[in-house]
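In what follows, every chain begins at residue 1, and chains take the letters A, B, ... in the order their sequences are listed.
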Amino acid sequence: MFRQFRTQVESALTDALSSLDAPTDDLGVEEPPEDVDAVLASSVAFRLAGEFGAAPPQVAAQLVDELDLDEHEYIDEATTQGPYVNFTATDAYLADTLDAAATDEEFGRLPDTGKSVVVEHTSANPTGPVHVGRARNPILGDAVARVLDYAGNDVERHYYVNDAGRQVAVFTWAYETFDESELPEPDRDRADYDLVRYYRKGNQFLEEADAADVEEAEAEIEAIMQGLEEGNEETYERVEVVVDQVLGGMRQSLARLPAVFDEFVKESRFMRNGDADDVVKRLKESEHAVYEEDAWQLDLTDWDIEKKMVFLRSDGTTLYTTRDLAHHEWKFANYDEAVTVLGEDHKLQAEQLNAALELLGNDTSQLRHAIYSYVNLPEGKMSTRAGTGVDLDDLLDESVARAREEVESRLDSRIRDDDLTEEDIERIARQVGIGAVRYDIVSKQPTKAITFEWDRALDFEAQSAPYVQYIHARCCGILAEAGVDIAEGGSLDVGTIDADLLDTPEERALVRTLARFPAVIEEAADDLEPHVVATYTRELAETFNAFYRECPVLTAEGEHRAARLALVAGARHAVANALDALGVEAPTSM
RNA sequence: GGGCACGUAGCUCAGUCUGGAUAGAGCGUCGGACUUCUAAUCCGACGGCCGUGGGUUCAAAUCCCAUCGUGCUCGCCA
C-alpha cells in the first residue's frame, strides 16, 4: 500500500505545484522522522521559497491550500510542520494493508513484470571445495535471484562452469599424473575434497620441480588446451571426468545454503558450437581490433579502458573473456535481462566485457553486474590452490553445532510447554545455524569488505537471523493457539475487521511497517541490493516486539482480538516472505 | 604510479545513489523486567569534529575537489 500512497502523494503534489506554476521535477518526497505521525512528507517548500518570495513555512501553507486530496483514498490530510508538508494516512490505508498482509500468503510479491531474467552467480572454478571467501557469491547471488523473483520477474539461476581454461587443464594433467599414495588424506569423503589434493599437488609441482620436469608438464597441459580448442572429443572427456566430479561435490556444499541452480552452463559449449570462433571473426573485423605481438587485441580507449583486451592468443587459442562474450550473446538472445554477481577482483574484466559486447552491436543495458568485496581471514586471503581458508562445510557444521547447543541449553528454561522433539531440535539447529551464517553475509552492503571471524559470524543475538526468526516463531505460537493453520498458509479472513480498532501507537506502527514491505522488495530488486530486505526485517522485528509487549492478542476481547490476530497473521506473512527473499528459513517454533 | 571501491560510537554495521526535521541499530559496559500470547525478548543509561581540509547550497554523513588510510586491480590466468 505504501507504493500506492507514494504514487498518490506524488500525483497530488504535482497537480498542486502545476496550478501554482511551480516546477514539478523535484517533489522533495521523503520519509519523515519516526516521531512525526505521517507516512510521507515533502520538503519542496524550501526550493520554492526564493521563487515565491516567501519563507518556506508560508510556501508550505500555500501548497497545502492548493492540494486536492479528495481523489486520493489513502491520503487523510496534508498538514504543515514548519517548512514541511506532512501526509497522513486514512483508515483505508491501514485497512487495505491489514487485509492484504493477513490474507495473502504471498504478501510482498509484486505483480508480474513479464520479464525473464537470468542471474549468473558463483561460477567458481571447479577446482575444489567451496571456501568461505567464495561463499559471499552464492549467498548474495541466490538472494538477488530471490528478490528479483519476488519483484515479479521470471528468474533463472545459472552457474557458468569454467571447463576450458588453463586451470582445469592443469587439474586434468595433475589428476592423470599423480598417484593417490603421494597425497595427504582428504578432509572429507567427497569428490571435491578428494580431487582438490591432485590440484594442489600439481600446482606445487609446477612451482617447485626441476625446470626440465616443469617444461615436460607444461607441454602436456598445453596439449590439453589445444585439444579443447580444436574440439577434440577425447580431450573433452578427460577434462569432464575431473570437472563433473568436483562440481558434483561443490554442488552439495552450495545446496546446504541453499543455493541451487537451474542450469550449469559449460564454457566449452561455446567453443564446440562455434560461437566463440564467430565472436573472434567479428571482433577481428572491428575497427577497434589490433594485431600486436602476434595476438589479437581490442583497443578500448573509446570506453575509457586503457588496458588492451586480448581475445586471441598468439597460439591461436581463445581466452576466457572471448568465450564469455559468446556466452553473453547467448544470454541476450534467450533472456530479457542478465544479471551477473561478481567479486570486485573481476570488475575490470566486467567493464571490458561490457565494452566488447557493445562493440559487437549488443544492447548492454540488458546486462547488470552486482559487485561485492571479498571475504578475507584476519591473516589474509583464502585460496583453493594454496589450501588456505575455511571450508564452507566446516563453517556450516560449526554453526549448526553451536545452534544446537543453544537450543539444548534453553530447553529447561522454556516457558512454552510444547515439548520439542529430537526432530524439532535438529530442525531448529539447522534453520538457525545456517540462517545465521547466511544472514550475516547478506545483511551487509556488498561493496563493504568482510573479515571472517568465527565468533562474529556465529553470534546469535540481536541483528542476526535468529532475532528475526524468533518473531516468526512467536507469531506462529500465537496463531497456533488461536487455531490458525500455519501449514495452510496461516491466512486470516479479515473481511469484517474494523481497522479503527487498531488504535494504539504500537499497532499502527506495525501496520505501517507491513505496508512498506512491497516497496522494500522493489528497491532491493531495482538496486540488486538484498541487504535492504535484511535491514527491513530488523525494523519489522523491532516493531513487532513493541506490539507484542504492549498488545495482548489472545486475551483481547471480541473484534479487537480478531483484528490483532489478523495483524499477527500479516506480520507472519511479511517476516516469512522477507526471510524467504533472503534465502533464510523461518522456523515455526524455536 | 594509474583506475575503482571503502572510511559513521571502543567493536560490527544501517543511513550516502535520490541533500532536508535532534545522525540510527546491535555488541560491549552499567542498571532494570520472566506466576503473563516463547526472555534467542524487552526497557533505561553511557557512548559521535560521520577520516581530514576546502567548495557548492537556504540546508551536506549524503554532491564536487583535494588529501590521508585500507582493500581490489593494472597477465596472451580465470
Write down the distance separating the [atom1] atoms in [N] and [M], rounded off to the nearest Å.
| N | M | atom1 | value |
| --- | --- | --- | --- |
| rA60(B) | rU18(B) | C1' | 14 Å |
| rG69(B) | rU22(B) | P | 36 Å |
| rC42(B) | rC37(B) | C1' | 15 Å |
| rU57(B) | rA14(B) | C1' | 26 Å |
| rC27(B) | rA9(B) | C1' | 12 Å |
| rU56(B) | rG44(B) | C1' | 42 Å |
| rU62(B) | rC72(B) | C1' | 24 Å |
| rC74(B) | rU41(B) | P | 44 Å |

Fill in: Below 4.0 Å: OP1/OP2 of rA40(B) and any side-chain N or O of Y470(A)
yes
Item to complete: Using a cut-off of strictly less than 4.0 Å, decide whether K347(A) has a side-chain nitrogen or oxygen near OP1 or OP2 of rC74(B).
Response: no
Between [options], spot the one nearest the side chain of [X], thanks.
| X | options | result |
| --- | --- | --- |
| V532(A) | rA21(B), rC72(B), rG15(B) | rG15(B) |
| K448(A) | rA78(B), rG71(B), rU8(B) | rU8(B) |
| I478(A) | rC43(B), rC77(B), rU38(B) | rU38(B) |
| A41(A) | rU38(B), rC11(B), rA21(B) | rA21(B) |
| D26(A) | rC37(B), rG19(B), rC72(B) | rG19(B) |
| N545(A) | rA78(B), rC13(B), rU41(B) | rU41(B) |
| N86(A) | rC37(B), rU22(B), rA21(B) | rA21(B) |
| R313(A) | rC37(B), rC77(B), rC13(B) | rC77(B) |
| E461(A) | rU41(B), rC77(B), rU12(B) | rU41(B) |
| M590(A) | rU41(B), rG20(B), rA40(B) | rA40(B) |

Is [X] touching bases, backbone alone, or none of the nucleic acid, heavy atoms closer than 4.0 Å?
| X | answer |
| --- | --- |
| E481(A) | nothing |
| V407(A) | base |
| V553(A) | base |
| V568(A) | nothing |
| P56(A) | nothing |
| D304(A) | nothing |
| N376(A) | nothing |
| C475(A) | nothing |
| Q349(A) | base |
| D324(A) | nothing |
| L554(A) | base |
| S589(A) | base |
| I428(A) | base |
| H531(A) | sugar-phosphate |

For [N], give its Watson-Crick or G-U wobble partner with both distances under 3.5 Å, or none.
| N | answer |
| --- | --- |
| rG44(B) | rC30(B) |
| rC49(B) | none |
| rG1(B) | rC74(B) |
| rG69(B) | rC6(B) |
| rA59(B) | none |

Spacing between [X] atom [atom1] and [N] atom [atom2], to the nearest angstrom:
| X | N | atom1 | atom2 | result |
| --- | --- | --- | --- | --- |
| L325(A) | rA78(B) | CG | P | 13 Å |
| R549(A) | rG44(B) | CZ | P | 8 Å |
| E31(A) | rA23(B) | CD | P | 18 Å |
| F460(A) | rU41(B) | CZ | P | 12 Å |

Worksheet item: For F46(A) and rA59(B), are the ring centres under 5.5 Å apart with planes inclined under 30°?
Response: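 No, the aromatic ring of F46(A) does not stack with the base.
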Item to complete: Output yes if the stacking criterion (under 5.5 Å between centres, under 30° between planes) is met for Y84(A) over the base of rG20(B), else no.
Response: no
Discussion item. Please find the pair of heavy atoms, one from W303(A) and one from A355(A), that lie closest to each other, and give the distance.
Written reply: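 That closest heavy-atom pairing would be CG-CB, 3.5 Å.
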Worksheet item: Would a distance-only check, ignoring hydrogens and angles, find a side-chain to backbone donor-acceptor pair under 3.5 Å from D424(A) to T421(A)?
Response: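 Such a contact is found between D424(A) side chain and T421(A) backbone.
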Fill in: Test item: N376(A) side-chain N/O and I450(A) main-chain N/O as donor-acceptor pair under 3.5 Å
no
Worksheet entry | Geometric class of the F452(A)/W454(A) ring pair [parallel <30°, tilted 30-60°, perpendicular >60°] |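 W454(A) vs F452(A) ring planes: perpendicular.
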Discussion item. Over 60° means perpendicular and under 30° means parallel, so tell me whether Y536(A) and F517(A) are parallel, tilted or perpendicular.
Written reply: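 Ring orientation, 0 to 90° scale: parallel.
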Practice prompt. For T447(A) and for Y374(A), locate the closest nucleotide of RNA chain B by heavy-atom distance; then report the residue assigned to the nucleotide nearer the 5' terminus.
Written response: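 Final value for this comparison: T447(A).
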Worksheet item: Pick the nucleotide of RNA chain B nearest each of V432(A) and V85(A); which residue has the one closer to the 5' end?
Response: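 It is V85(A), whose closest nucleotide lies nearer the 5' terminus.
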Worksheet item: Taking atom types as modelled and ignoring hydrogens, do the side chains of T122(A) and Y160(A) form a donor-acceptor contact shorter than 3.5 angstrom?
Response: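 Side chains of T122(A) and Y160(A): no pair found under 3.5 Å.
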Worksheet item: CD of E229(A) to CG of D277(A): how many Å apart, nearest 0.5 Å?
Response: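 One finds 7.0 Å between CD of E229(A) and CG of D277(A).
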If the threshold is 4.0 Å, N to carboxylate O, is there a salt bridge linking [X] and [Y]?
| X | Y | answer |
| --- | --- | --- |
| R456(A) | D459(A) | no |
| R368(A) | D527(A) | no |
| E408(A) | R404(A) | yes |

Item to complete: Classify the side chain of R47(A) versus the base of rG20(B) as yes if they form a donor-acceptor pair under 3.5 Å and no if they do not.
Response: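 Yes, the side chain and the base share a sub-3.5 Å donor-acceptor pair.
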Worksheet item: Going by modelled atom types, is there a donor-acceptor pair between the base of rA40(B) and the side chain of E406(A) at under 3.5 Å?
Response: no
